[in-house]
2 protein chains.
Amino acid sequence: MATRQNAKLVTAVQEAAGQPLDQSLLLSLVGYNCRRAYLTIVPHFEERMKKFNLRAVDFSVLSLLNANPNITQKRLSKAVNVSPPNLAILLDKLEERGLLVRQRNPLDKRSQTLVLTPEGTRLCAKAEKTVSELELEATAMLTDAERAELVKLLQKIFLHDEDDAQA
Amino acid sequence: MATRQNAKLVTAVQEAAGQPLDQSLLLSLVGYNCRRAYLTIVPHFEERMKKFNLRAVDFSVLSLLNANPNITQKRLSKAVNVSPPNLAILLDKLEERGLLVRQRNPLDKRSQTLVLTPEGTRLCAKAEKTVSELELEATAMLTDAERAELVKLLQKIFLHDEDDAQA
DNA sequence: TATTGTTATACTCTATAACTATA
DNA sequence: TATAGTTATAGAGTATAACAATA
């Protein structure tokens, strides 16, 4: 009896070991595929950005400030999806590195506006160039048309009810 | 002098506040768009899966075991991208909840093979149904053709040098 | 009274080192 | 000696509560 049970298990285990993994359900899910693709690109990002000592969030902050000087921490917080307490710490570090400065907003002294320093601007330019290159590498299996189509479809998902397109 | 500086800042801040955010560089990056789309879908997932008390990883594990009974923890670990120590804890919890069982592999007693219990199978079926529904909701702005195209392009990024398609 | 930003802190996730049992 | 899995623990990332300054 125990033997028959065991024989069944042996067969089942051998069968399972010989089969390729069936991931069909997960692979049908948009969210799952987004995550897998993202996790494929991230290591490329991290490797190439080591020399700038920038994480993905740090890069997003610099790039956003480069394109939008003098925005408040509140707007930045929403845009990069980092809570105010965590953003404060992140900005402390970038400010210590001399990449940006906080200025008291003369129009509302509760808030602070942010600008890159000349050094921050230089670093951002280099980092943006590197990121654009690395993106092409990491998605080299796509044609330009496919890449454009992919970006368009992804944006449909999250841009349809945007908040800080204005705000 | 200080006044002229200040006047300049006032102007710059007013200007910045009046403008919509320029995110053009970030929006050109595939990785950034993948992440944003994923982060848009996640809250839908979490809300609908609360009643099953399943996180995304838990769901992936159940779904994978449902389609691949009797695989080893090692293969599962690679497939869900969770390190063995962390997977051990995750499996402890699912096993305590009576959703799966670990069996010593009779062919190699170092390893353990995993199977869902009847209860685990039932829960998985319900969860899979819910996830498929929620995915359609979260991506309702896409046509079926667009959704299929999106999935195809995302998979091109991460399926081109797969490991555990076999292994 | 409400808002911006900060400090302090807790919680979750992920990563690493050392151990056991088998091979 | 090498591998599967576990335990313990450290570190990073994220979330929450309470506070100061300003509106």
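Just so we're on the same page: letters track the sequence lines, and every chain starts at 1.
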Main-chain N/O of A/Glu128 paired with A/Ser132 side-chain donor or acceptor, under 3.5 Å:
yes
Output field dot_bracket for DNA chain D (Watson-Crick or G-U, both distances under 3.5 Å, | for other-strand pairs) contains |||||||||||||||||||||||
Taking the side chain as every heavy atom from C-beta outward, state whether [X] and [Y] have any pair of such atoms under 4.5 Å apart.
X: A/Leu54; Y: A/Leu62; answer: yes
X: A/Glu135; Y: A/Arg147; answer: no
X: A/Leu154; Y: B/Cys34; answer: yes

Determine, stepwise, if the pair A/Arg122 / A/Glu119 fulfils salt bridge (charged side-chain N to carboxylate O under 4.0 Å, His left out).
CA-CA 5 Å; A/Arg122 274 196 299 277; A/Glu119 193 187 333; 5.2 Å; no
What's the [atom1]-[atom2] distance between [X] and [N], to the nearest Å?
X: B/Asn81; N: C/dA15; atom1: CG; atom2: C1'; value: 12 Å
X: A/Asn86; N: D/dA17; atom1: CG; atom2: P; value: 14 Å
X: A/Lys78; N: C/dG5; atom1: NZ; atom2: P; value: 13 Å
X: A/Leu87; N: C/dA8; atom1: CG; atom2: C1'; value: 17 Å
X: A/Arg102; N: C/dT4; atom1: CZ; atom2: P; value: 16 Å
X: B/Ile89; N: C/dT14; atom1: CD1; atom2: P; value: 12 Å
X: A/Glu95; N: C/dG5; atom1: CD; atom2: C1'; value: 13 Å
X: B/Leu90; N: C/dT12; atom1: CG; atom2: P; value: 14 Å

Taking side chain to side chain donor-acceptor pair (under 3.5 Å) as the cut-off, I'd like each qualifying pair that reaches into residues 43-52 of chain B, sequence neighbours left out, listed once.
B/Arg48-B/Glu133, B/Arg48-B/Glu137
Taking atom types as modelled, find out whether A/Ser83 and A/Asn86 have a side-chain donor-acceptor pair closer than 3.5 angstrom.
yes
Does a donor on one side chain and an acceptor on the other come within less than 3.5 Å for B/Gln155 and A/Asn33?
yes
Close N/O contacts between protein and nucleotides 18-23 of chain C (under 3.5 Å):
unit_1 : atom_1 : unit_2   : atom_2 : d
C/dA23 : OP1    : B/Lys109 : N      : 2.9

Taking the nucleotide of DNA chain D with the nearest heavy atom to each, does A/Arg55 or B/Gln73 sit closer to the 5' end?
B/Gln73
The single option from A/Arg110, A/Arg104, A/Gln112 that satisfies side chain to side chain donor-acceptor pair (under 3.5 Å) with A/Asp108 is A/Arg110
Of C/dT7, D/dA4, D/dT16, the nucleotide closest to the side chain of A/Ala88 is C/dT7
Determine: side-chain N/O of A/Arg75 to OP1/OP2 of C/dT3, distance under 4.0 Å, yes or no.
no
